[in-house]
Amino acid sequence: MRLLLISNSTNAGEPYLKYPIGEIGRFLGEVREVVFVPYAAVTFSYDDYERKVQDRFDEIGVRVRSVHRYEDPAAEVRHAQAVVVGGGNTFALLRKMQEYDLVEAIRRRIAAGVPYIGWSAGSNVACPTIGTTNDMPIVEPQSFRATGAVRFQINPHYTDAHPEGHAGETREVRITEYVTANPEVTVVGLREGCILRLEGNDLQLIGPRPMRIFRHGEPTREVNAGDDLSFLL
């Protein structure tokens, strides 16, 4: 399998997809065309989303073809050189993926070694379920079950922040609840500006910030770029 799972599209104060585009280009190598899944977009059109991604992918000489333009989106995925799934609302994304039979189509392409790139919601749907998304369930998918390309769950945009005067739970508390309810599952808190790259059995953390590991019955801990992540495979 070849996966590039990106926490967030945009770092604060930077242009869209600017920080990960170099890594995306290296990951794609000689691939010159990708099939894009835009269904996480809610407040802007799929056309606009495709155009926004294409503007950045122009820098690496890659054409972006969005599945929303085709009568049979799953057929486009089945013939893709690479699959890219954008961020937005994970519930909206998964619902459309299920509607167009893209979950299984993407799962099969990943298993065949086709490169997969996702950011935010696009990283969530590479997990067994979308149960660790941060998003509001604005629509109801058939289930939370996603592609299961990796065995662990990702919480993208992970933050330790707890604003002064805010009485609500921290992100860590919410994820601790998840692993308590799902004790067999590991969750990784992927901070902004960070990427997970999987090539076969080699999983690497890329980025300036550590990744937080949540496992039931164990203290939370952090791993850094260059650390051995084989325990997640």
Side-chain angles (χ1 to χ4, degrees), residues 1-8 40 85 87 89-95 97-98 102-104 106-108 110-111 116 118-162 166-192 194-207 209-233:
M1 291 191 298
R2 300 193 64 224
L3 307 173
L4 195 69
L5 306 177
I6 303 167
S7 177
N8 57 307
V85 182
N89 185 277
T90 312
F91 294 92
L93 170 62
L94 185 59
R95 180 173 175 173
M97 287 175 61
Q98 291 167 343
L102 294 184
V103 175
E104 183 61 23
I106 291 173
R107 181 186 294 122
R108 288 178 179 272
I110 290 172
Y116 175 94
W119 52 86
S120 193
S123 293
N124 278 135
V125 295
C127 300
T129 81
I130 64 166
T132 50
T133 180
N134 303 304
D135 300 335
M136 184 175 288
I138 59 173
V139 295
E140 185 175 2
Q142 297 168 17
S143 74
F144 284 5
R145 185 65 54 187
T147 64
V150 293
R151 296 172 53 191
F152 53 90
Q153 290 290 132
I154 294 172
N155 178 247
H157 303 269
Y158 179 78
T159 177
D160 305 288
H162 193 194
H166 178 66
E169 288 80 2
T170 63
R171 188 75 57 82
E172 180 160 344
V173 168
R174 290 303 194 200
I175 299 174
T176 300
E177 291 175 341
Y178 183 91
V179 297
T180 301
N182 302 272
E184 73 286 359
V185 181
T186 298
V187 178
V188 302
L190 191 61
R191 292 181 170 90
E192 291 192 340
C194 296
I195 300 169
L196 283 172
R197 177 170 176 157
L198 177 63
E199 301 268 5
N201 293 318
D202 181 26
L203 180 65
Q204 296 183 17
L205 173 64
I206 300 167
R209 297 184 174 101
M211 182 171 70
R212 201 151 182 82
I213 306 297
F214 297 84
R215 282 182 153 174
H216 179 63
E218 300 179 12
T220 57
R221 61 189 178 97
E222 301 209 331
V223 295
N224 295 283
D227 288 349
D228 181 9
L229 302 181
S230 60
F231 67 92
L232 290 171
L233 300 176

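Residue numbers count from 1 along this sequence. Atom set for the values below is all heavy atoms of this structure, side chains included, hydrogens, waters and symmetry mates excluded.
- Contact check on R151 versus E184 returns no salt bridge, with no Lys/Arg side-chain nitrogen under 4.0 Å from an Asp/Glu carboxylate oxygen.
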- Message: Apply side-chain contact (heavy atoms from CB on, under 4.5 Å) to residues L229 and V223 and explain how you reach the verdict.
- Response: CA-CA 8 Å; L229 302 181; V223 295; 3.7 Å; yes

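- Taking CG from L205 and CD from E222, the interatomic distance works out to 10.5 Å, rounded to the nearest 0.5 Å.
- In this structure, Y178 places its OH atom where more than 12 heavy-atom neighbours from other residues, nucleotides or ligands lie under 6.0 Å away.
- More than 12 heavy atoms of other residues, nucleotides or ligands shown are found within 6.0 angstrom of CG on D202.
- The minimum heavy-atom distance between N224 and P210, with the atom names listed, is OD1-CB, 3.3 Å.
- With a 4.5 Å cut-off on side-chain heavy atoms, L190 and L196 count as touching.
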- Message: Could you walk me through whether V85 and Y116 satisfy the side-chain contact (heavy atoms from CB on, under 4.5 Å) test, starting with their C-alpha distance in whole Å, then the side-chain angles of each, then the deciding distance to 0.1 Å, before giving a yes or no?
- Response: CA-CA 8 Å; V85 182; Y116 175 94; 3.4 Å; yes

- Message: Would M211 and Y158 count as a side-chain contact (heavy atoms from CB on, under 4.5 Å) here? Give the steps.
- Response: CA-CA 9 Å; M211 182 171 70; Y158 179 78; over 6 Å; no

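- Annotation: the span from D227 atom CG to Q204 atom CD amounts to 11.5 Å, rounded to 0.5 Å.
- Note that the CG atom of L3 and the CD1 atom of I110 stand 5.5 Å from one another [nearest 0.5 Å].
- For the residue pair I175 and F214, the shortest heavy atom distance occurs at CG2-CG, 3.5 Å.
- Side-chain atoms of S123 come within 3.5 Å of backbone atoms of I6 as a donor-acceptor pair (strictly under, hydrogens ignored).
- The two residues W119 and N8 have their closest heavy-atom pair at CB-C, 4.4 Å.
- Residues T170 and V173 form a side-chain contact, since some pair of their non-hydrogen atoms from C-beta on lies under 4.5 Å apart.
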- Go through the steps to decide whether V185 and V179 satisfy the test side-chain contact (heavy atoms from CB on, under 4.5 Å), and finish with yes or no. CA-CA 6 Å; V185 181; V179 297; 5.8 Å; no

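- Atom CG of L203 is separated from atom CG of L232 by 6.0 Å, given to the nearest 0.5 angstrom.
- Looking only at atom types and distance, the side chain of R171 has no donor-acceptor partner in the side chain of T159 under 3.5 Å away.
- Nearest heavy-atom pair, P156 versus N134, reported as atom, atom and distance to 0.1 Å: O-ND2, 2.7 Å.
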- Please assess N155 against T132 for the test side-chain hydrogen bond (donor to acceptor under 3.5 Å, both in side chains), listing each intermediate value before the final yes or no. CA-CA 5 Å; N155 178 247; T132 50; 5.6 Å; no

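- Minimum interatomic distance between A146 and N124 (heavy atoms only, all atoms of both residues): CB-O, 4.4 Å.
- A donor-acceptor pair shorter than 3.5 Å cannot be found between the side chains of T186 and Q153.
- Classification of E192 and R209 as a salt-bridged pair fails, no side-chain N sitting under 4.0 Å from a carboxylate O.
- In this structure, the salt bridge (charged side-chain N to carboxylate O under 4.0 Å, His left out) partners of R2, at least two apart in sequence or on a different chain, are E199.
- Of all heavy-atom pairs spanning Q98 and R145, the tightest one is NE2-O, 3.8 Å.
- With values rounded to the nearest 0.5 angstrom, L4 atom CG is found 10.0 Å from L198 atom CG.
- Summarising the geometry, atom CD1 belonging to I130 is positioned 13.5 Å from atom CD1 belonging to I154; distances are rounded to the nearest 0.5 Å.
- Between S120 and H157, the side chains place a donor N or O and an acceptor N or O closer than 3.5 Å (distance only, hydrogens not considered).
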